[in-house]
Amino acid sequence: MDVPDAVPRSDWRVVWGVWTAYGLLVGGQQYLVGRVFERPDPLWRTLALQLLLAWCWAIVTPLIRRLAWRFPFERNRWRTSAVVHLVACLATVYVIDLVYVLASRALGEPPNQPATVLGQTARLFVFWVVADGLLYWAVISVNYAVYHYRRSRERELAASRLEAQLAQAQLQALQAQLHPHFLFNALHTIGTLIRAGDSQTAIRVVAGLGDLMRRLLDDAAAQEVPLKHELQFIRSYLEIEQVRFRDRLRVTIHAAPDTLDAAVPHLILQPLVENAIRHGIAPHVAGGTILVGARRHDGRLVLTVRDDGLGIPDGTGARPRVGLANTRARLERLFDREFELSVENASEGGVEARIAFPFRVAHVEWQAE
């Protein structure tokens with residue numbers, strides 16, 4: 001078992017606060033007991049003595065803590081540890097009882113007490129050894145409980161950071177996947193336009209490509225963005241694709257106004273749109289239409305990407321799905337099991353990809369942009 005560092009200052013304040021409260025509580029109880037049995041002791045004296053005892057426990061608490069780590073109750077050494085702690089417990093109780101006797105005499109000795117300090121200490125020790133001994137073991141138990149709670153929290157935080165790093169790596173993998181596919185097509189389109197003498201359109205594609213890359217870089221570290229940002233990215237993406245496909249690619253984007261500020265995973269729509277273009281539009285001479293939609297339903301945000309191509313052969317789902325494994329993994333990281341991802345033949349023809357997850361409004365700083 002790792003030995004923790006010295007007691008933090010915040011822990012010291014807690015230790016002294018707890019023991020002070022304990023001293024006040026026990027002092028008040030002792031005073032009331034004295035009144036009930038007609039053996040009253042001044043309240044100030046009772047509180048002073050009990051607070052002194054409590055502060056003695058506060059002083060020895062760090063020593064008990066260090067001893068607990070030096071002799072832990074592990075499987076192969078618990079017997080030795082038990083003996084050490086038993087001796088330490090008895091010694092601690094005896095010393096604190098001795099301090100109590102000395103303080104009691106200094107504040108005025110009550111009647112009917114043994115004549116010697118050691119005799120009075122021995123009497124108190126026999127009477128209180130079990131109760132005060134339990135305080136020693138309570139300190140050890142609380143120390144172990146706090147330590148294991150903190151270790152558990154540290155493991156949870158480490159796991160959370162690992163999850164975030166994994167999600168970030170998946171996003172970066174998706175961005176890396178987008179770059180070669182899309183850049184190759186965009187550059188090929190620009191070269192074709194230049195060779196055809198259509199410099200104006202080529203300039204428009206270059207400007208659109210620059211805008212798209214800027215959006216990609218601006219949101220590079222964000223796991224989630226507002227839906228309106230994601231739709232702006234998709235529009236820029238599709239505008240360049242429309243130049244490549246000319247009149248073979250038609251696009252319709254419809255998002256309900258109450259969905260625009262919804263938080264969505266960054267680049268969540270891009271693989272769906274890329275699949276629709278690659279498998280629904282590109283193989284057909286006549287091209288087709290891409291429909292992108294967003295709506296709220298039963299507290300969930302529903303995103304759809306549909307093409308009007310030939311669909312999945314025999315409805316078997318055999319059509320390749322570029323990036324969908326990455327998309328599903330990201331959704332699992334962000335929403336656990338509270339999401340849906342499906343790619344199926346649409347009733348109107350073609351293929352519809354559908355994503356649904358809990359509706360949540362994006363952060364205020366995102367909405368302001």
Side-chain angles (χ1 to χ4, degrees), residues 163 166-167 169-171 173-175 177-178 181-182 223-235 237-238 241 249-256 258-284 287-362:
E163 289 283 329
L166 181 57
Q170 290 175 330
L171 176 58
L174 181 58
Q175 291 171 330
Q177 173 184 290
L178 168 65
H181 290 151
F182 181 71
Q223 278 296 323
E224 294 183 325
V225 298
L227 177 61
K228 58 188 175 185
H229 280 217
E230 188 70 7
L231 292 178
Q232 289 169 358
F233 178 86
I234 290 299
R235 286 191 181 95
Y237 178 88
L238 286 171
E241 292 290 72
L249 174 59
R250 297 170 294 279
V251 176
T252 299
I253 298 178
H254 176 72
D258 61 347
T259 66
L260 295 179
D261 287 324
V264 301
H266 183 33
L267 293 180
I268 198 66
L269 290 174
Q270 189 277 328
L272 308 184
V273 172
E274 181 180 354
N275 276 328
I277 293 175
R278 176 176 294 188
H279 304 291
I281 306 301
H284 308 292
T289 302
I290 300 291
L291 299 97
V292 180
R295 60 188 176 88
R296 292 181 65 173
H297 179 69
D298 291 339
R300 298 166 74 82
L301 178 66
V302 181
L303 305 175
T304 56
V305 176
R306 183 162 61 88
D307 64 73
D308 56 0
L310 295 178
I312 300 171
D314 301 324
T316 61
R319 193 169 88 172
R321 301 175 183 179
V322 177
L324 290 191
N326 190 320
T327 300
R328 181 177 295 278
R330 292 183 61 213
L331 290 170
E332 288 177 350
R333 300 291 177 192
L334 292 171
F335 304 107
D336 195 14
R337 298 180 181 179
E338 297 184 23
F339 76 94
E340 299 175 25
L341 172 60
S342 61
V343 179
E344 301 173 342
N345 283 332
S347 57
E348 304 88 349
V351 173
E352 180 177 270
R354 180 178 182 274
I355 296 177
F357 48 81
F359 182 91
R360 181 167 52 83
V361 177

How long is the span from the [atom1] atom in [X] to the [atom2] atom in [Y], to the nearest 0.5 Å?
X      : Y      : atom1 : atom2 : answer
Asp307 : Arg250 : CG    : CZ    : 11.5 Å
Thr304 : Leu272 : OG1   : CG    : 9.5 Å
Ile277 : Asn275 : CD1   : CG    : 10.0 Å
Arg300 : Arg295 : CZ    : CZ    : 11.0 Å
Ile290 : Ile281 : CD1   : CD1   : 4.0 Å
Arg306 : Asn345 : CZ    : CG    : 12.0 Å

Name all residues meeting the salt bridge (Lys or Arg N to Asp or Glu O under 4.0 Å) criterion together with Arg235; count only those two or more places apart in sequence or in a different chain, and write none if there are none.
none
Which residues pass the salt bridge (Lys or Arg N to Asp or Glu O under 4.0 Å) test with Arg360, sequence neighbours left out?
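Residues passing salt bridge (Lys or Arg N to Asp or Glu O under 4.0 Å) with Arg360: Glu224.
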Is there a side-chain contact between [X] and [Y], using heavy atoms and a 4.5 Å cut-off?
X      : Y      : result
Arg354 : Val302 : yes
Glu230 : His266 : yes
Leu291 : Ile253 : no
Phe359 : His297 : no
Thr327 : Ile268 : yes
Val273 : Leu238 : yes
Leu269 : Val292 : yes

Closest contact, heavy atoms only, [X] versus [Y]:
X      : Y      : value
Pro265 : Leu334 : CG-CD1, 3.6 Å
Lys228 : Asp261 : NZ-OD1, 3.1 Å
Arg328 : Leu341 : NH2-O, 3.2 Å
Asp308 : Gly288 : OD1-CA, 3.3 Å
Gly311 : Val351 : CA-CG2, 3.4 Å

Check the surroundings of atom CD in Glu338: do more than 12 heavy atoms from other residues, nucleotides or ligands lie under 6.0 Å from it?
no
Quick one: sort the Phe335 and Phe357 rings into parallel, tilted or perpendicular, breaks at 30° and 60°.
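Parallel: the ring planes of Phe335 and Phe357 meet at under 30°.
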In sequence, state the C-alpha distance, the side-chain angles, and the governing distance for Phe233 and Leu267, and then conclude on side chain to side chain contact (heavy atoms under 4.5 Å, CB included).
CA-CA 8 Å; Phe233 178 86; Leu267 293 180; 3.4 Å; yes
